[in-house]
Protein chains: 2
Amino acid sequence: MAHVDNGRTRILDSAATALRQKGLAGAKLSEIAKGAGMLAPSIYHHFPSKDHLVEQVMMEGIYRNSRHIVARVEVLGPDAAPMVRLRAAIVAHIDFLLSGDDYSSAVARVFEDLPDEMRRRVLAAYSSFDNYWRDLIVAAQADGSASAALDATVVRKFLIAMLDSCSSWYRPGKLAPAQIAEQAADLLLHGFAGSRPGAM
Amino acid sequence: MAHVDNGRTRILDSAATALRQKGLAGAKLSEIAKGAGMLAPSIYHHFPSKDHLVEQVMMEGIYRNSRHIVARVEVLGPDAAPMVRLRAAIVAHIDFLLSGDDYSSAVARVFEDLPDEMRRRVLAAYSSFDNYWRDLIVAAQADGSASAALDATVVRKFLIAMLDSCSSWYRPGKLAPAQIAEQAADLLLHGFAGSRPGAM
DNA sequence: GTCTATAATCAGATAGAC
DNA sequence: GTCTATCTGATTATAGAC
């Protein structure tokens with residue numbers, strides 16, 4: 001949405017930033033408009049309501065996030081092992097969130113606060129991406145490289161919640177985003193007590 | 001807060017429930033009052049503002065959660081191994097969230113949306129509990145039972161985010177809370193790819 | 001396509017009776 | 001300690017000029 005600079009796109013970008021930083025109720029139309037270089041009523045020339053604007057940001061965030069992760073997994077080719085694909089997805093997810101994409105961070109921040117009907121629609125749009133994660137997890141269990149003692153749904157919920165959290169607490173400093181991504185993958189796949197090559 | 005049934009306590013209980021279910025902006029004073037068996041203006045006899053009420057719920061949630069977890073860890077005695085203590089804390093945290101305590105779930109739900117100054121105060125109250133987790137993690141690394149290749153702060157942030165998430169997605173059904181707790185501990189400590197006794 | 005002015009709504013908060 | 005009635009302020013949304 002950043003490749004063209006028309007009014008509609010500037011509003012969406014500004015809304016994504018505001019939603020990420022301040023949440024649904026905290027993102028005022030006046031502030032969103034200011035970020036887009038206009039005043040609040042001008043938004044209504046491009047969107048019929050705040051809800052419609054928010055929903056567009058959600059859909060765009062889901063689309064961007066899923067496109068990025070699927071691309072980073074599928075580039076491995078059809079013969080990549082399930083655990084290699086899962087690890088690539090984990091790393092790609094963190095990389096993308098910490099790359100500063102406001103749309104995907106906005107989804108993680110405000111999803112729970114959406115009005116019921118909108119949340120249902122957003123969830124429906126998210127479902128194919130959710131299934132993609134489920135398939136990665138189930139495939140790793142099916143070929144014996146992952147623990148079959150863990151429930152695939154529980155793993156998926158915990159995994160996504162853990163990854164999504166990083167955009168709320170990460171601050172540039174000691175560790176670079178790529179290092180956070182590696183630590184997340186190591187923690188999720190091998191565990192904090194895990195003894196793997198090179199770890200003590 | 002549920003052992004006495006005075007007006008103040010009923011309001012706090014109702015506020016915790018509403019905050020957990022609907023978030024900060026979604027929890028209206030009129031609804032909180034209704035849950036306490038009164039009308040909105042009556043709340044002001046017990047609390048000077050909605051913000052004060054919310055802050056009390058946050059403080060109570062932190063207190064309950066930390067008291068429960070510390071008790072479940074310290075009952076192991078002074079000679080328990082660091083990894084045993086850490087696992088007990090993980091299991092206790094999930095158990096408590098899924099036991100239906102609205103106060104601790106409310107904290108996880110609305111913390112990010114709190115006004116800046118209140119969030120600072122709540123964070124300060126949380127810090128000793130946060131340090132408790134940090135000590136559990138560092139102790140496990142220090143005695144060699146946990147990976148020293150992982151950053152202790154990153155592990156703590158990911159771990160707490162993952163555990164906190166369960167109150168938003170768990171629904172009674174196939175798995176009992178105690179089973180979710182065990183799965184969380186296995187996933188965090190041994191990893192999804194981890195091969196431990198009994199796992200495939 | 002953006003503006004100024006204003007309406008409409010809603011939720012937090014206050015006043016004062018009982 | 002709770003109520004009814006009201007006030008205040010903030011925010012979404014509309015009307016209509018430019």
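A, B, ... follow the sequence lines: proteins, then strands. Residue 1 opens every chain. Fair warning: this is a prediction, and the values are worked out from it, not measured in the lab.
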Undergrad: Could you give the NZ-to-P distance, from B/K50 to C/dT14, as a whole number of Å?
TA: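 Interatomic distance, NZ of B/K50 to P of C/dT14: 15 Å.
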Undergrad: Salt-bridged, A/R119 to A/E112, with N to O below 4.0 Å?
TA: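 Looking at A/E112 together with A/R119, the answer is no, because their closest N to O distance does not fall below 4.0 Å.
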Undergrad: Whole angstroms only, please: what is the CE-P distance between B/M38 and C/dC18?
TA: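 The distance from CE of B/M38 to P of C/dC18 comes to 21 Å, rounded to the nearest Å.
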Undergrad: Given salt bridge (Lys or Arg N to Asp or Glu O under 4.0 Å), test B/D186 with B/R87 step by step and report yes or no.
TA: CA-CA 9 Å; B/D186 286 344; B/R87 185 179 182 97; 2.9 Å; yes
Undergrad: A/K34 NZ to D/dT12 P: how many Å, rounded?
TA: 15 Å
Undergrad: Can you measure B/E31 atom CD to C/dG12 atom P for me and round it to whole angstrom units?
TA: 10 Å
Undergrad: Of the options C/dA11, D/dC3, C/dC3, whose atoms approach the side-chain atoms of B/K28 most closely?
TA: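 For the B/K28 side chain, the nearest candidate turns out to be C/dA11.
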Undergrad: Please determine, for the side chain of B/H46, which listed nucleotide (C/dG1, D/dC3, D/dT2) has the closest atom?
TA: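 Shortest atom-to-atom distance from the side chain points to D/dT2.
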Undergrad: With a cut-off of less than 4.0 Å, is there a side-chain N or O of A/S42 near OP1 or OP2 of C/dG1?
TA: no
Undergrad: Please state whether the phosphate of C/dT2, meaning OP1 or OP2, lies under 4.0 angstrom from any side-chain nitrogen or oxygen of A/R10.
TA: yes
Undergrad: Has the side chain of A/Y103 got a donor or acceptor atom that lies under 3.5 Å from a matching backbone atom of A/D13?
TA: yes
Undergrad: Nearest of D/dT4, D/dT14, D/dT2 to any side-chain atom of B/H45?
TA: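 Comparing D/dT4, D/dT14, D/dT2 against the side chain of B/H45, the answer is D/dT2.
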Undergrad: Separation of B/F47 atom CZ from D/dT2 atom P, in whole Å?
TA: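 Answer to the nearest Å: 12 Å.
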Undergrad: Looking only at side-chain atoms of A/L29, point me to the closest of D/dT2, C/dA13, D/dA13.
TA: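 My answer, after comparing the listed nucleotides, is D/dA13.
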Undergrad: Any salt bridge between B/D101 and B/R20, counting N to O under 4.0 Å?
TA: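 Salt bridge between B/D101 and B/R20, a charged N being under 4.0 Å from a carboxylate O: no.
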Undergrad: Which whole-number value in Å describes the distance from B/Y44 OH to D/dA5 P?
TA: 19 Å
Undergrad: Kindly point out which of C/dG12, D/dT4, D/dT12 is positioned nearest to the side chain of B/L39?
TA: D/dT4
